[in-house]
Amino acid sequence: MLEITNLHAALEEDGKPILKGVDLTVEDGKVHAIMGPNGSGKSTLSYVLAGRDGYEVTEGTAILGGEDVLGMEPEERAAGGLFLAFQYPVEIPGVGNMTFLRTAVNAQRKARGQEEMSSTDFLKLVREKARELDIDADMLKRPVNVGFSGGEKKRNEILQMAMLEPRMCVLDETDSGLDVDAMKLVAQGVNALREAGRSFLVITHYQRLLDHIRPDVVHIMADGRIVKTGGPELALEVENNGYSDILAEVA
């Protein structure tokens, strides 16, 4: 699904290197988690994959579905099946949730050479997805993320994900700022979208999210590289002992 090879990236502003040779393969239908101390490059990896401004790729590739997404514009990456859930979802005053969702869905359909979805078909689908994700219909009528709690913003992103049906979902610290109940609701939404043709890369600081979104593979990132890979037990090791032993082991 996603194959990252020797990826190097730096800040455009001052040339400071952040990613220093990331190698990572996420297979079809699998959930991979990335953990690591602050400043290790976890969020930068998600930004570079999505095409966020402010970063320069200096070396390496990121192949999704046979194409190197690093040479694409952000909207082309999205149309190709890449979705990024932000750590802090932005508010868009004056733009209704339904309008935003329908515009996004039809923009991607157009980019893929498909017919736009009719209003009737769109309404039927979005209501169905909202019910599946236990999202109140009132959220659909409000401006995007305006007045939403932290948990509502994250659940709204899960709804966006369900409507856009991406192949590769990158969740950048989606548990940030959530209480336990909100985190469980978000995790339930993610788990409802797990299927053979969809893969996930979950970036998190904490094991607690991985209690609810159980990963197939866990990676530890430090100083711009993935330094250790293992199963779900690796996240438990971090929870119990911190990163110091692992970092000393690979030093």
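Remember, predicted model here, so these are calculated numbers, not experimental data. Scope of the values below: all heavy atoms of this structure, side chains included, with no hydrogens, waters or symmetry mates.
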*Got a second to check how far Glu173's CD is from Met35's CE, nearest 0.5 Å?*
10.5 Å
*Treating Ile, Leu, Val, Met, Phe, Trp and Tyr as nodes and any side-chain heavy-atom pair under 4.5 angstrom as an edge, say whether Ile63 and Met1 lie in one connected cluster.*
no
*Would you check, one step at a time, whether the test side-chain contact (heavy atoms from CB on, under 4.5 Å) holds for Glu165 with Lys129?*
CA-CA 11 Å; Glu165 298 185 330; Lys129 296 294 186 184; 4.1 Å; yes
*asked:* Run the side-chain contact (heavy atoms from CB on, under 4.5 Å) test on Ile203 and Leu171 for me, step by step, so that the C-alpha distance in whole Å, both residues' side-chain angles and the decisive distance to 0.1 Å come before the verdict.
replied: CA-CA 6 Å; Ile203 297 170; Leu171 310 181; over 6 Å; no
*Does the side chain of Leu201 reach to within under 4.5 Å of the side chain of Ile34, using non-hydrogen atoms?*
yes
*Not counting sequence neighbours, which residues clear salt bridge (Lys or Arg N to Asp or Glu O under 4.0 Å) with Glu195? List them please.*
Arg198
_Using side-chain contact (heavy atoms from CB on, under 4.5 Å), reason through Ile246 and Glu237 one step at a time and then give a plain yes or no._
CA-CA 9 Å; Ile246 292 173; Glu237 180 184 340; 3.6 Å; yes
*Starting at CZ of Arg131, measure out to CG of Asp136 and round the result to the nearest 0.5 Å.*
12.5 Å
*asked:* Surrounding CD of Glu12 (heavy atoms of other residues, nucleotides or ligands, distance under 6.0 Å), is the total greater than 12?
replied: yes
*Taking all heavy atoms of Gly60 and all of Leu70, pick out the closest pair and write down the distance.*
O-CD1, 3.8 Å
*Can you tell me how far CG of Leu193 sits from CD of Glu132, rounded to the nearest 0.5 angstrom?*
8.5 Å
*Contacts of type salt bridge (Lys or Arg N to Asp or Glu O under 4.0 Å), residue Lys110, not counting sequence neighbours*: none
*Transitively linked via ILVMFWY side-chain contacts under 4.5 Å: Met163 with Phe100?*
no
_Side-chain heavy-atom pair Glu3, Leu24 within 4.5 angstrom cut-off_ = no
Donor-acceptor contacts, no H, no angles, side chain residues 119-128, under 3.5 Å, sequence neighbours left out:
unit_1	atom_1	unit_2	atom_2	d
Ser119	OG	Arg102	NH1	2.9
Ser119	OG	Arg102	NH2	3.4
Asp121	OD2	Ser118	OG	3.3

*asked:* How long is the straight-line distance from CG of Asp211 back to CE of Met183, given to the nearest 0.5 Å?
replied: 7.5 Å
*Are the side chains of Arg214 and Pro232 in touch, meaning some heavy atoms are under 4.5 Å apart?*
yes
*Who pairs with Asn38 by side-chain hydrogen bond (donor to acceptor under 3.5 Å, both in side chains), at least two apart in sequence or on another chain?*
His205
_Using only atom types and a distance under 3.5 Å, with no angle test, would you say the side chain of Glu152 pairs donor to acceptor with the backbone of Ser149?_
yes
*asked:* I'd like to check Thr5 versus Val22 (side-chain heavy atoms, cut-off strictly below 4.5 Å). Are they in contact?
replied: no
*Quick one: list whatever passes side chain to side chain contact (heavy atoms under 4.5 Å, CB included) with Arg109, sequence neighbours left out.*
Val105, Asn106, Gln114, Met117
_Counterpart residues, salt bridge (Lys or Arg N to Asp or Glu O under 4.0 Å), relative to Glu75 (two or more places apart)_ = none
*How far does CG of Leu84 sit from CE of Met168, to the nearest 0.5 angstrom?*
10.5 Å
*Heavy-atom side-chain proximity of Phe200 to Met161 below 4.5 angstrom*: yes
*Any chain of hydrophobic side-chain contacts (each under 4.5 Å) joining Leu236 to Val31?*
no
*Is atom NZ of Lys30 surrounded by more than 12 heavy atoms (other residues, nucleotides or ligands) closer than 6.0 Å?*
no
*Within the distance-only criterion (no hydrogens, no angle test), does the side chain of Thr103 pair as donor or acceptor with the backbone N or O of Thr99 below 3.5 angstrom?*
yes
*Nearest non-hydrogen partners of Ala222 and Ser40, listed with the distance*: CA-CB, 3.7 Å
*Is there a donor-acceptor pair closer than 3.5 Å between any side-chain N or O of Lys153 and the backbone N or O of Val146?*
no
*Would a 4.5 Å heavy-atom cut-off, applied to side chains only, mark Leu11 and Tyr55 as touching?*
yes
*asked:* Just to verify, what does Thr229 make a side chain to side chain contact (heavy atoms under 4.5 Å, CB included) with, not counting sequence neighbours?
replied: Val217, His219, Ile226
*Spell out, yes or no, whether Leu234 and Val227 are grouped together once hydrophobic residues are joined by side-chain heavy atoms under 4.5 Å, including indirect joins.*
yes
*What's the spacing between Gln108 CD and Glu76 CD if we round to 0.5 Å?*
12.0 Å
*asked:* Going by side chain to side chain contact (heavy atoms under 4.5 Å, CB included), name the residues that satisfy it together with Ile135, two or more places apart in sequence or in a different chain.
replied: Ala130, Leu133, Met139, Arg155, Leu159
*asked:* For Lys228, give me all partners under salt bridge (Lys or Arg N to Asp or Glu O under 4.0 Å), at least two apart in sequence or on another chain.
replied: Glu249
*Tell me, please, which residues at least two apart from Asn156 pass side-chain hydrogen bond (donor to acceptor under 3.5 Å, both in side chains).*
Asn97, Asn145
*Indicate yes or no for a side-chain donor-acceptor contact from Arg167 to the backbone of Leu82 under 3.5 Å, with no hydrogens or angles considered.*
no
*Heavy-atom check, side chain of Met221 versus side chain of Leu19, under 4.5 Å*: yes
_Validation row: Asp23, Asn6 side chains within 4.5 angstrom (heavy atoms)_ = yes
*Please confirm whether the backbone N or O of Phe83 pairs with a side-chain atom of Arg77, one donor and one acceptor, at under 3.5 Å?*
no
_Closest non-hydrogen atom pair between Gly15 and Ala10, with its separation_ = O-CB, 3.6 Å
*For Thr58, enumerate each residue passing the side chain to side chain contact (heavy atoms under 4.5 Å, CB included) test, keeping only those at least two apart in sequence or located in another chain.*
His8, Glu56
*Taking it one step at a time, do Leu210 and His212 satisfy side-chain contact (heavy atoms from CB on, under 4.5 Å)?*
CA-CA 5 Å; Leu210 304 183; His212 305 290; over 6 Å; no
*asked:* Surrounding CD of Glu233 (heavy atoms of other residues, nucleotides or ligands, distance under 6.0 Å), is the total greater than 12?
replied: yes
*Quick one: does Tyr243's side chain have a donor or acceptor within less than 3.5 Å of a partner on Val238's backbone?*
no
List the atom pairs, donor and acceptor, that lie under 3.5 Å between side-chain atoms in residues 45-54 and the rest of the protein, sequence neighbours left out.
unit_1	atom_1	unit_2	atom_2	d
Ser46	OG	Ser43	O	2.6
Tyr47	OH	Arg52	NH1	3.4

*Is Ser199 reaching over with its side chain to a backbone N or O of Glu27, donor-acceptor style, under 3.5 angstrom?*
yes
